[in-house]
Amino acid sequence: MRDLSSAILDWQALLGQSAVLPGPAAQRTYGLDASGIERTIPAALLITQADDLPAVMHIASRYSVPVYPISTGKNWGYGTALPARGGSVIIDLSRLQRVIHFDAELGVVTVEPGVTQGMLADFLEAGKHPYLVPVTGAGPSCSVLANALERGYGVTPLVDHFSALTDIEAVLADGTWYRTAMHEVGGRDLSRLFKWGIGPYSAGLFTQGGFGIVTRASIVLARRPECVKVCLFGLRSDDLLEAAVERIRNILVQLPGTVGAINLMNRHRVLSMTAPFPANRLDADGMIPASVIDELGKQYQIQPWTGFATLYGTHRMVAAAQKEMRAALRGVASRVLFISPAGAVGLARLAQWLPGAMGRRLGSAASTLAKSLELVAGRPNETAMPLAYWQNPRKLPAGPRDPSRDGCGLMWYSPLVPMRPAGVRAYVGMVRQLTPRHGIEPLITFTSLNDRLFDSTVPLIFERDDEAALLSARACYAELLEAGRLQGWFPYRVGIDTMDKISSLQTEAKAFHDRLRKDLDPQDLLAPGRYRS
């Protein structure tokens with residue numbers, strides 16, 4: 001029988017009274033969410049030592065109290081810090097901030113869940129270690145480990161962040177430790193260097209699974225190359241999209257290792273990161289008219305589609321790749337520009353001296369570009385985060401941004417889209433058709449995961465304080481999910497409100513996962529509801 005009061009008393013005796021937040025304090029600390037989701041949080045545990053977690057789980061088991069671990073709780077647009085199922089006690093791992101081990105020679109770092117992108121960047125810079133942080137657009141305050149466990153991706157050379165995760169250590173629901181077979185039979189060094197270990201591969205169960213509380217993980221870092229550049233290009237007409245997809249695919253096939261991820265963003269998406277929301281120019285349905293989008297595109301020099309590709313290597317390799325890319329994009333892309341981080345900073349400084357509105361617009365664009373190049377050079381920043389604030393009527397905060405705290409309305413639709421030109425066009429048509437029905441601007445980005453597959457991100461941005469807008473955003477997401485599924489496009493991750501829907505679509509896979517859960521967590525205590533009903 002569940003006995004929360006007794007569990008809290010035992011947790012206080014174990015961790016200290018100040019490390020156990022009661023319901024009201026836990027709700028205030030973890031209850032805000034950019035997607036407008038609400039969950040009841042009965043308590044929260046602030047963990048400062050991973051070695052306390054087995055005893056924490058013994059107490060949870062003794063009193064049948066479900067728990068939900070978080071790393072930094074900044075999963076904006078997917079549920080923030082909320083548990084998948086209400087009534088779960090939060091286990092906050094954000095105070096576990098040690099870089100446990102670093103192999104400076106081979107470039108493998110072992111971190112705890114609370115180590116953020118910014119902390120890892122500071123660690124590497126302080127030691128003058130020539131490696132790149134696996135950055136994302138979520139900013140420097142987000143967990144490195146959690147992003148890899150969520151199978152996130154970025155734009156640095158190791159695009160797939162889970163592919164770079166090797167060895168992990170975790171606490172299971174019954175309080176026992178999980179360690180990989182290679183860790184036990186071959187030693188820590190080999191387990192950090194070889195992802196697949198020996199025997200059945202089980203570490204993947206701890207990604208999007210909730211089968212354990214991961215306390216540390218080893219991550220392979222990309223070495224900082226001699227030269228980093230970005231290729232910027234535009235498509236002067238939407239009609240060139242199919243041809244551009246084919247050229248992008250060919251570039252990725254021909255230049256593996258030198259060209260990292262390639263982003264392709266529609267004009268709407270770029271404007272959301274560079275121009276103020278034109279709130280006083282909306283049509284009768286509350287949408288930005290196409291004529292205004294075209295006008296703003298001309299004003300900010302943003303074409304119907306903008307490409308952003310990263311290049312890494314020696315100066316000679318990058319120079320050769322530039323020639324190949326120019327040739328590959330010829331006849332399709334316009335305004336092809338290759339620029340280094342230093343060049344972007346210089347352009348931003350130059351723009352400050354230009355007078356008038358043109359100078360301000362160029363300065364804003366150049367500053368955004370310079371920040372974007374910091375990202376591809378492995379230094380996390382908040383350059384992508386104004387997107388979440390585009391339709392937020394509140395003033396943009398001066399300090400570190402937190403979309404949930406700051407009242408932003410944001411949900412992410414993030415489907416995988418095969419890199420087939422006709423299919424990409426059909427997908428764009430679906431998003432453009434469905435989002436305006438629900439009062440959502442069609443903001444579209446494609447990011448190459450390899451030469452076969454895009455991940456598309458469509459942020460559903462809305463006014464969170466408007467109940468009607470919240471309901472419309474939820475309806476929009478549901479329609480995109482189902483329409484996309486029928487066409488063969490499906491998300492690589494979903495928010496906590498959609499996990500039960502994903503489970504309902506499964507039969508054999510669900511039965512297998514349920515068998516694992518029954519053996520590893522028969523009381524269903526650890527992260528109940530996570531990617532299952």
Side-chain angles (χ1 to χ4, degrees), residues 1-33 37-75 79-98 100 112-115 143 145-146 149 169-179 206 209-216 404-405 496 499 517-530 532:
M1 176 180 287
R2 179 175 174 179
D3 186 352
L4 177 63
S5 298
S6 296
I8 286 177
L9 289 174
D10 283 6
W11 280 324
Q12 287 174 336
L14 172 69
L15 304 171
Q17 190 164 352
S18 64
V20 182
L21 299 185
Q27 199 72 45
R28 287 193 302 271
T29 304
Y30 304 98
L32 292 174
D33 172 50
I37 302 169
E38 295 181 353
R39 294 286 188 272
T40 299
I41 304 173
L45 311 180
L46 312 180
I47 305 301
T48 57
Q49 297 182 101
D51 288 345
D52 287 333
L53 287 168
V56 165
M57 291 310 302
H58 287 150
I59 294 168
S61 179
R62 184 181 311 139
Y63 299 110
S64 300
V65 176
V67 297
Y68 195 85
I70 62 171
S71 293
T72 56
K74 295 178 178 176
N75 202 21
T80 315
L82 295 179
R85 188 176 295 165
S88 299
V89 171
I90 294 290
I91 296 181
D92 185 345
L93 308 174
S94 64
R95 288 162 177 78
L96 301 180
Q97 298 178 351
R98 291 186 301 159
I100 293 171
E112 291 186 314
V115 175
S143 168
L145 183 154
L149 291 177
E169 195 169 85
V171 174
L172 302 181
D174 63 359
T176 58
W177 286 94
Y178 165 88
R179 294 183 178 93
F206 299 92
F211 285 101
I213 304 173
V214 177
T215 58
R216 65 172 67 182
S404 294
R405 177 201 65 198
I496 59 172
M499 291 178 180
R517 176 71 60 176
K518 184 176 180 180
D519 186 62
L520 293 173
D521 186 6
Q523 292 180 267
D524 197 20
L525 296 178
L526 190 51
R530 183 157 177 76
R532 58 197 172 89

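Below, each value reflects all heavy atoms present in this structure, side chains not excepted, and no hydrogens, waters or symmetry copies.
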Exercise. About how many Å separate CD1 of Ile213 and CD1 of Ile47, when rounded to the nearest 0.5 Å?
Worked result: 7.5 Å
Exercise. Do Ile41 and Pro83 come close enough that some side-chain heavy atom pair is under 4.5 Å?
Worked result: yes
For this session: Could you check Arg532 against Asp524 for side-chain contact (heavy atoms from CB on, under 4.5 Å), going step by step and ending with a plain yes or no?
Result: CA-CA 11 Å; Arg532 58 197 172 89; Asp524 197 20; 2.6 Å; yes
Problem set entry | Heavy-atom side-chain contact between Thr80 and Arg39 under 4.5 Å | no
Exercise. So with a 6.0 Å cut-off around CD of Gln523, is the heavy-atom count from everything else above 12?
Worked result: yes
For this session: Identify the heavy atoms of Tyr30 and Ala44 that sit nearest to each other, and give their distance.
Result: CE1-CB, 3.4 Å
Problem set entry | Nearest-0.5 Å distance, CG of residue Leu15 to CD1 of residue Ile8 | 12.0 Å
Exercise. Any donor-acceptor pair under 3.5 Å linking the side chain of Glu169 with the backbone of Arg179?
Worked result: no
For this session: Keeping the roles fixed (side chain from Asn75, backbone from Gly79), state whether a donor-acceptor pair exists under 3.5 Å.
Result: no
Exercise. If you look at every heavy atom in Met499 and Ala84, which pair is closest and at what distance?
Worked result: SD-CB, 4.2 Å
For this session: Return yes if some donor-acceptor pair links the side-chain N/O of Ser143 with the main-chain N/O of Pro113 below 3.5 Å, else return no.
Result: yes
Exercise. Tell me, do Ile100 and Glu112 make a side-chain contact under 4.5 Å, heavy atoms counted?
Worked result: yes
Problem set entry | Expected output: side-chain Asp33 to main-chain Ile37 donor-acceptor under 3.5 Å | yes
For this session: Would you give the length of the straight line joining atom OH of Tyr63 to atom CG of Asp10, rounded to the nearest 0.5 angstrom?
Result: 3.5 Å
Exercise. Nearest 0.5 Å, what's the CG-OG distance between Leu526 and Ser61?
Worked result: 11.5 Å
Exercise. Of the non-hydrogen atoms in Ser88 and Pro528, which two are nearest, and what is the gap between them?
Worked result: OG-CG, 3.6 Å
Exercise. Are Phe206 and Tyr178 close enough that their ring centers fall under 6.0 Å?
Worked result: yes
Exercise. Do you know which two heavy atoms are closest between Leu4 and Pro42, and how far apart they sit?
Worked result: CD2-CB, 3.5 Å
Exercise. Do Trp11 and Asp52 touch side chain to side chain, with heavy atoms closer than 4.5 Å?
Worked result: no
Problem set entry | Interatomic distance, Arg517 atom CZ to Arg530 atom CZ [nearest 0.5 angstrom] | 10.0 Å
Exercise. Of the non-hydrogen atoms in Met57 and Leu172, which two are nearest, and what is the gap between them?
Worked result: CG-O, 3.8 Å
Seminar exercise, completed: OG1 (Thr48) and CG (Asp92) are apart, to the nearest 0.5 Å, by 11.0 Å
Problem set entry | Tyr68 vs Ile91 side-chain heavy atoms within contact, under 4.5 Å | no
Seminar exercise, completed: Note: Asp51 and Pro54 closest approach over all heavy atoms is O-CD, 3.3 Å
